[in-house]
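Below is one structure, written out as structure tokens; comments come after it.
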Amino acid sequence: GNSVTQMEGPVTLSEEAFLTINCTYTATGYPSLFWYVQYPGEGLQLLLKATKADDKGSNKGFEATYRKETTSFHLEKGSVQVSDSAVYFCALSAYSGAGSYQLTFGKGTKLSVIP
Amino acid sequence: EAQVTQNPRYLITVTGKKLTVTCSQNMNHEYMSWYRQDPGLGLRQIYYSMNVEVTDKGDVPEGYKVSRKEKRNFPLILESPSPNQTSLYFCASSLRGDGYEQYFGPGTRLTVT
């Protein structure tokens, strides 16, 4: 089956530090890849996505590149802010047969940014 | 306002007492799904629906039922809840199944005693 593996947390960084959260996946075919963010007490919201190999998704200073050769979709940000403190989920959408698409999420990485 | 709504937001119940968590979206989305979120396990898909009258099992469907009689509604039914179904549940919808953003509801925190 499909799977997503992302780095264990929690991750604690100082403000303006560089962020990398690793994500690798296993899937048949050509999945779409996503990063979602969950702020405390809220549902998930899309941060960025990429739908084919070598695509780069970007939003709010965050970036991730779809690397098919390494089956990876690592999240990066050059300078984090306190407001970036949240849980980040890597996810994929893959064809599961009979016209259906199934979503698979990683376990999430909690990021805390301290002033 | 485009949104996914869930009710109730909080529910405490006892083992074996049937319950339904409702989910509704106003974006005319074809794809809807249910997830449960547990510490250390992340989000796991319970059931999903590509369109009206089409539903499929996700990764953890045991103990749950769903129906999709209308495009906007996708209720989650627990016929005989057990304590291991205590969790935070999210409903989500997207325009279609592949490559589209999922819009999440606010979550339903369920406790089964």
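Owing to the predicted nature of the structure, the values given are computational and were not obtained by experimental measurement. Lettering follows sequence order; numbering is per chain, from 1.
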Item checked: B:D56 versus chain A, the contacting section by heavy-atom distance below 4.5 Å -> side chain
Check: Looking at side-chain heavy atoms only, is the closest gap between A:S72 and A:N22 below 4.5 Å?
Finding: no
Check: Is A:I114 close to A:S14 at the side-chain level, that is, under 4.5 Å between some pair of heavy atoms?
Finding: yes
Check: Which is it for B:E53 and B:R68 under the side chain to side chain contact (heavy atoms under 4.5 Å, CB included) test, yes or no, and what are the steps along the way?
Finding: CA-CA 5 Å; B:E53 302 293 359; B:R68 188 91 181 273; over 6 Å; no
Next item on the list: Show your reasoning for whether side chain to side chain contact (heavy atoms under 4.5 Å, CB included) applies to A:F62 and A:L19.
Entry: CA-CA 9 Å; A:F62 291 89; A:L19 168 71; 3.8 Å; yes
Item checked: Any donor-acceptor N/O pair, B:T22 side chain to B:N7 backbone, under 3.5 Å -> yes
Next item on the list: May I ask you to list the residues in residues 25-47 of chain B that approach chain A closer than 4.5 angstrom, counting heavy atoms only, ordered by number?
Entry: B:Y31, B:Y35, B:Q37, B:G40, B:L41, B:G42, B:L43, B:Q45
Notebook entry, point to check: Under 30°, 30 to 60°, or over 60°: which ring-plane class applies to A:Y25 and A:Y66, parallel, tilted or perpendicular?
Noted result: perpendicular
Check: Within the side chain of B:S49, is there an N or O that forms a donor-acceptor pair under 3.5 Å with the backbone of B:V54?
Finding: yes
Note to self: Only heavy atoms, only distances under 4.5 angstrom. Which residues in residues 36-48 of chain A are near chain B?
What the structure shows: A:Y36, A:Q38, A:E42, A:G43, A:L44, A:L46
Next item on the list: Would you check, one step at a time, whether the test salt bridge (Lys or Arg N to Asp or Glu O under 4.0 Å) holds for A:K49 with B:E101?
Entry: CA-CA 8 Å; A:K49 71 175 188 180; B:E101 175 181 0; over 6 Å; no
Notebook entry, point to check: Between the side chains of B:Y89 and B:Y64, does any donor sit under 3.5 Å from an acceptor?
Noted result: yes
Note to self: Under a 3.5 Å threshold, yes or no: a donor from one side chain and an acceptor from the other, between B:Q102 and B:S94?
What the structure shows: yes
Next item on the list: Select one option (side chain, backbone, both, neither) describing which atoms of A:S100 are under 4.5 Å from chain B's heavy atoms.
Entry: both
